[in-house]
Number of protein chains: 2
Amino acid sequence: MPLTVHSLKAACSQCNLQELCLPLGLSEAEIKRLDSLVSTRRKVKRGHHLYRTGAAFEALYAIKTGFFKTDVLMEDGRDQVTGFQMAGEILGMDGISLESHTCNAVALEDSEVCVIPFAQLEQLSSEMRTLQHHFHKVMSREIVRDQSVMMLLGTMRAEERLAAFLLNFSQRFTARGYSAAEFHLRMTREEIGSYLGLKLETVSRAFSRFQEDGFIVVQQKHIRILDIDALKSLLTHAPMPAPFTSRG
Amino acid sequence: MPLTVHSLKAACSQCNLQELCLPLGLSEAEIKRLDSLVSTRRKVKRGHHLYRTGAAFEALYAIKTGFFKTDVLMEDGRDQVTGFQMAGEILGMDGISLESHTCNAVALEDSEVCVIPFAQLEQLSSEMRTLQHHFHKVMSREIVRDQSVMMLLGTMRAEERLAAFLLNFSQRFTARGYSAAEFHLRMTREEIGSYLGLKLETVSRAFSRFQEDGFIVVQQKHIRILDIDALKSLLTHAPMPAPFTSRG
DNA sequence: ATGTAGCGTTGACACAGATCAAACGCCTTT
DNA sequence: AAAGGCGTTTGATCTGTGTCAACGCTACAT
């Protein structure tokens with residue numbers, strides 16, 4: 001078995017991710033009730049699945065430590081990474097609708113999640129309006145995030161997509177107290193490509209291009225951003241018609 | 001003002017879309033309570049907005065009659081259609097997370113929606129667990145739908161995208177009691193293209209190709225599907241490597 | 001230390017779809 | 001009925017990204 005179930009109390013009340021995965025402004029009594037909701041944790045080793053497509057849906061998972069990807073596999077073998085999730089983010093909401101999961105969730109490094117049994121979450125949120133409202137916001141945020149991925153896949157060129165990707169990670173690391181300018185990507189070029197709707201070679205070339213242009217320093221999976229404004233301006237300016245695009 | 005507000009009772013209890021937008025198996029008393037929740041309707045003329053990006057979020061909207069698109073506009077002018085919605089579907093869930101809308105919703109034909117004030121929906125769903133659970137499923141379904149759009153935009157070729165698009169509409173019309181094989185598209189080639197991440201010319205060519213191959217008959221916006229299995233098989237088979245792809 | 005397998009980079013070339021352009025058909029307006 | 005405008009179709013050409021291939025680097029295992 002790849003998965004380890006702990007009977008440890010998850011103890012939201014003492015978790016340093018509170019601001020990210022919990023509603024703000026709860027009373028002490030309310031946080032105590034959350035503690036009882038989120039009663040178990042689960043460790044997932046790198047490369048192992050938290051859940052698989054088709055598995056019965058029973059719980060949501062709050063990532064305590066580590067890093068995940070979700071992906072969808074088509075019958076013909078093509079697959080698409082639909083997201084990368086880090087500490088403080090919620091996994092599993094895809095499963096609510098059909099009561100079984102519609103994607104795979106795979107740990108990209110040794111990780112630990114808090115298990116939130118869904119029936120109990122619904123029970124508690126019907127009693128705690130703050131929690132209910134917060135949960136609705138979390139689901140809505142997922143819908144908004146998906147919209148921006150559609151935008152990315154539907155209208156952006158390769159380098160814009162990668163710039164958007166880097167800026168998104170920079171921003172999410174910042175929100176967790178890490179450096180906005182320097183971080184370690186856990187996924188391969190192929191996984192980045194799958195997420196961005198590009199081939200791994202194209203991702204690699206775009207990285208090289210950004211480095212040549214002095215926007216970033218790339219050393220394998222380690223990224224250092226030198227000129228964040230340059231990356232931003234790649235996004236806000238529409239792609240110029242042919243003759244003005246070339247930089248070589 | 002493009003919008004007309006009716007003080008008509010919306011009367012879920014007498015609506016023929018119950019199976020689509022309401023939880024199943026409600027008691028009569030429960031349906032009565034819903035009637036009081038959804039108290040107003042709003043008419044939206046073709047081309048007019050139901051809501052715009054940035055507008056304060058106050059309510060969800062259940063489409064009673066008509067047809068909508070949602071789209072997102074980037075600063076540089078590029079835009080992306082993120083969805084097409086028809087009777088029985090819910091609009092506005094994007095707004096919950098930030099309390100303001102993140103996309104535009106535009107009527108593609110004269111339409112009418114039921115207004116569901118969100119605060120009241122949360123109030124009522126904390127009292128009616130069936131309703132709460134149903135609402136969670138509706139939001140999750142939106143997340144799952146977005147996943148399949150990502151798959152479409154990330155991994156499919158032009159003709160596959162259009163086949164997926166047609167099959168999706170066929171299936172949704174069927175669910176509403178209309179013909180699975182013959183329907184009228186309300187949007188332009190450009191809007192289809194924006195949704196599918198293609199240019200309008202590519203959409204037009206793919207339609208022509210399907211017609212040459214005898215899969216469909218196209219007359220402007222009117223579509224008749226002759227060979228639905230052929231469309232399905234375009235999706236389930238991976239694209240062949242070059243020499244076997246050509247059909248001309 | 002040394003071998004090895006997987007990941008990443010780079011180059012050459014091919015192709016699907018974008019772009020540019022022109023003509024056509026449909027629907028609305030006068 | 002004529003005119004105009006918009007949406008659509010179709011053709012010719014261009015280009016960004018995919019594909020195929022070779023090589024290099026890194027990290028891990030022995």
Side-chain angles (χ1 to χ4, degrees), chain A residues 46-47 69 78 80-81 108-110 152-163 184-212 216-223 234 238-248, chain B residues 46-47 69 78 80-81 108-109 152-163 165 184-212 216-223 234 238-248:
Chain A
R46 176 179 170 184
K69 71 168 177 183
R78 283 180 286 181
Q80 166 89 8
V81 171
L108 294 181
E109 63 181 34
D110 292 358
L152 183 146
L153 293 172
T155 73
M156 293 187 192
R157 317 182 138 288
E159 293 186 11
E160 292 179 279
R161 294 183 196 191
L162 190 64
H184 193 81
L185 297 174
R186 264 56 188 205
M187 71 297 283
T188 65
R189 299 288 188 266
E190 185 168 21
E191 287 164 331
I192 297 173
S194 173
Y195 179 64
L196 299 178
L198 301 170
K199 290 295 159 182
L200 67 94
E201 295 94 330
T202 306
V203 173
S204 179
R205 279 186 244 268
F207 270 127
S208 301
R209 189 66 166 274
F210 287 170
Q211 185 161 242
E212 283 167 35
I216 62 175
V217 178
V218 187
Q219 283 168 296
Q220 297 292 121
K221 294 186 155 109
H222 192 89
I223 305 290
L234 276 183
M240 299 262 116
F244 304 102
T245 311
S246 64
R247 271 190 264 156
Chain B
R46 176 178 170 183
K69 71 169 178 183
R78 283 180 287 181
Q80 166 88 9
V81 171
L108 295 181
E109 62 180 33
L152 183 145
L153 293 171
T155 73
M156 292 187 193
R157 318 184 135 286
E159 292 186 10
E160 293 180 277
R161 296 184 195 190
L162 190 64
F165 174 83
H184 194 80
L185 297 174
R186 263 59 186 203
M187 72 297 283
T188 66
R189 299 288 188 265
E190 185 168 21
E191 288 165 330
I192 298 173
S194 173
Y195 179 63
L196 298 178
L198 301 170
K199 291 294 159 183
L200 68 92
E201 294 94 330
T202 305
V203 173
S204 178
R205 279 186 243 269
F207 271 128
S208 301
R209 189 65 165 275
F210 286 170
Q211 186 160 243
E212 282 167 33
I216 63 176
V217 178
V218 187
Q219 282 169 296
Q220 297 291 120
K221 295 188 155 108
H222 193 88
I223 305 289
L234 276 182
M240 299 263 115
F244 305 100
T245 311
S246 65
R247 271 188 266 156

For nucleotides 5-11 of chain D, list the nitrogen or oxygen atoms of the protein found under 3.5 Å from its nitrogen or oxygen atoms, one pair per line.
residue	atom	partner	partner atom	Å
D:dT8	OP2	B:R189	N	2.8
D:dT9	OP1	B:R189	NH2	3.2
D:dT9	OP2	B:R189	NE	2.8
D:dT9	OP2	B:S204	OG	2.8
D:dT9	O5'	B:S204	OG	3.2
D:dT10	OP2	B:S208	OG	2.5
D:dG11	N7	B:R205	NH1	2.9
D:dG11	O6	B:R205	NH2	3.1

Which residues pass the side-chain hydrogen bond (donor to acceptor under 3.5 Å, both in side chains) test with [X], not counting sequence neighbours?
X: A:H184; value: none
X: A:K199; value: none
X: A:E109; value: A:R186

Atom-pair distance ([atom1] on [X]; [atom2] on [N]), nearest Å:
X: A:H184; N: D:dT26; atom1: NE2; atom2: P; value: 13 Å
X: B:K199; N: D:dT17; atom1: NZ; atom2: P; value: 13 Å
X: A:Q219; N: C:dT9; atom1: CD; atom2: P; value: 11 Å
X: B:L198; N: C:dG17; atom1: CG; atom2: C1'; value: 8 Å
X: A:R78; N: D:dT19; atom1: CZ; atom2: C1'; value: 16 Å
X: A:L196; N: D:dG18; atom1: CG; atom2: P; value: 11 Å
X: A:R186; N: C:dC7; atom1: CZ; atom2: P; value: 17 Å

Taking ring pair (Phe, Tyr, Trp, His ring centres under 6.0 Å) as the definition, give me every residue that meets it alongside B:F207, ordered by chain and number, with sequence neighbours left out. none
Drop me the distance from A:L162's CG to A:Y195's OH, to the nearest 0.5 angstrom. 12.0 Å
Between the two ends of the helix from C:dA1-D:dT30 to C:dT30-D:dA1, what is the bend in degrees, rounded to 10 degrees, where each end axis spans five pairs? 40°
Listed by chain and number, what are the salt bridge (Lys or Arg N to Asp or Glu O under 4.0 Å) partners of A:E191, not counting sequence neighbours? A:K69
Touch class at under 4.0 angstrom, heavy-atom based, for A:G193 against every strand present: nothing
May I have the step-by-step check of side chain to side chain contact (heavy atoms under 4.5 Å, CB included) for B:L185 and B:I223, ending in yes or no? CA-CA 7 Å; B:L185 297 174; B:I223 305 289; 3.7 Å; yes
For atom CD of B:Q211, is the number of surrounding heavy atoms from other residues, nucleotides or ligands below 6.0 Å larger than 12? yes
